[in-house]
Amino acid sequence: MNRINPIIFELGPYEVRWYGVLIMLGVALGAVWASSLAAKRGYNTEHVWNGVMFAVVLGIIGARLYHVFSIPEGCTPQSPCGWYWYREHPIDAVAFWKGGFQGLGIYGAIVGGLVGITIYALWQRINPLVWLDLGAVGLPFGQF
């Protein structure tokens, strides 16, 4: 069986991976869909694009925090992984120079994105529930 190389291409010391490209494609498709729906409902579509920036940044932070603080099945203090590992090696939680954030959790990404949209909406003095509703239609694209 031929395996697909997870690395699309390299730019010097940086690797562009399929996983990251596909996640960002899902985010972009979700934002396009939400923007289209916002326009149909008569809302300013710029709020979708600006809110996506907050959602993505806080989503990545939330996904990483979920990974760092979770304890996968089979992890023990004697055989550390997850939280057992990171509490003893805290710098590894942010050590992107050691191969990137190769541990992200979708639950944390969803919570982080929700927080990001809420912060953006409150900052702009717009109803967060309207924008969370619009964002919810795009969420399956990110998961897909």
Side-chain angles (χ1 to χ4, degrees), residues 4-77 79-144:
I4 295 174
N5 188 343
I7 301 167
I8 302 172
F9 60 87
E10 296 179 29
L11 293 171
Y14 302 104
E15 299 172 339
V16 177
R17 294 178 170 260
W18 283 108
Y19 180 78
V21 169
L22 293 174
I23 290 287
M24 292 315 297
L25 179 62
V27 169
L29 287 173
V32 167
W33 188 295
S35 181
S36 172
L37 187 57
K40 286 179 185 176
R41 293 184 181 178
Y43 297 118
N44 182 351
T45 59
E46 286 300 310
H47 288 305
V48 171
W49 298 102
N50 295 335
V52 163
M53 297 303 131
F54 280 74
V56 167
V57 170
L58 289 176
I60 291 169
I61 291 169
R64 185 60 180 172
L65 287 173
Y66 181 85
H67 171 76
V68 167
F69 288 106
S70 66
I71 301 174
E73 188 176 336
C75 287
T76 65
S79 177
C81 60
W83 174 240
Y84 294 131
W85 174 264
Y86 291 111
R87 74 178 179 193
E88 299 297 324
H89 306 92
I91 196 70
D92 284 355
V94 294
F96 61 88
W97 56 90
K98 287 185 174 182
F101 295 125
Q102 294 185 13
L104 301 171
I106 189 64
Y107 303 117
I110 292 169
V111 171
L114 293 174
V115 170
I117 294 295
T118 302
I119 289 170
Y120 175 77
L122 293 173
W123 176 51
Q124 292 296 309
R125 293 186 170 90
I126 54 179
N127 185 349
L129 295 178
V130 168
W131 298 95
L132 288 169
D133 183 52
L134 289 167
V137 300
L139 187 60
F141 282 107
Q143 179 63 29
F144 173 70

(Q) Using 0.5 Å steps for rounding, measure from the OH atom of Tyr43 to the CG atom of Asn127. (A) 7.5 Å
Q: Would you please name every residue forming a salt bridge (charged side-chain N to carboxylate O under 4.0 Å, His left out) with Arg41, sequence neighbours left out?
A: Asp133
Q: Check for a donor-acceptor pair, side chain of Arg64 on one end and backbone N or O of Ala93 on the other, with a separation under 3.5 Å.
A: yes
Q. Do the rings of Phe54 and Trp123 sit parallel, tilted or perpendicular, given the 30° and 60° boundaries?
A. tilted
Q | Euclidean distance, Tyr84 OH relative to Thr76 OG1, rounded to 0.5 Å | A | 7.5 Å
Q) Quick one: does Trp49's side chain get under 4.5 Å of Ser35's, heavy atoms only? A) yes
Q. Looking only at heavy atoms, what is the nearest atom pair of Cys75 and Gly82, with distance?
A. SG-N, 4.3 Å
**Q.** From Leu114 atom CG to Leu139 atom CG, the distance as rounded to the nearest 0.5 Å
**A.** 7.5 Å
Q) From Ile60 CD1 over to Leu65 CG, what is the distance, rounded to the nearest 0.5 angstrom? A) 12.0 Å
Q. How far apart are the C-alpha atoms of Ile126 and Tyr120, what are their side-chain angles, what is the distance that settles it, and do they pass the side-chain contact (heavy atoms from CB on, under 4.5 Å) test?
A. CA-CA 9 Å; Ile126 54 179; Tyr120 175 77; 4.2 Å; yes
(Q) As a quick check of understanding, evaluate side-chain contact (heavy atoms from CB on, under 4.5 Å) for Trp18 and Ile23, giving each step before the final call. (A) CA-CA 8 Å; Trp18 283 108; Ile23 290 287; over 6 Å; no
Q: Determine the sole option in Val115, Ile117, Thr118, Val111 for which the side-chain contact (heavy atoms from CB on, under 4.5 Å) test with Leu58 is passed.
A: Val115
(Q) Quick one, Pro77 and Arg87 - any side-chain contact, counting heavy atoms below 4.5 Å? (A) yes
Q: Indicate the ring-plane relationship of Tyr86 and His67, choosing parallel, tilted or perpendicular according to the 30° and 60° boundaries.
A: perpendicular
Q) Of all residues at least two apart in sequence or in a different chain, which pass the salt bridge (charged side-chain N to carboxylate O under 4.0 Å, His left out) check with Glu15? A) Arg17
Q) Taking Phe9 as the fixed residue, which of Asn5, Ile7, Leu11 is the one that meets the side-chain contact (heavy atoms from CB on, under 4.5 Å) rule? A) Leu11
Q: Can you measure from OG1 (Thr45) to CG (Leu134) and round to the nearest 0.5 angstrom?
A: 11.0 Å
(Q) Surrounding CH2 of Trp83 (heavy atoms of other residues, nucleotides or ligands, distance under 6.0 Å), is the total greater than 12? (A) yes
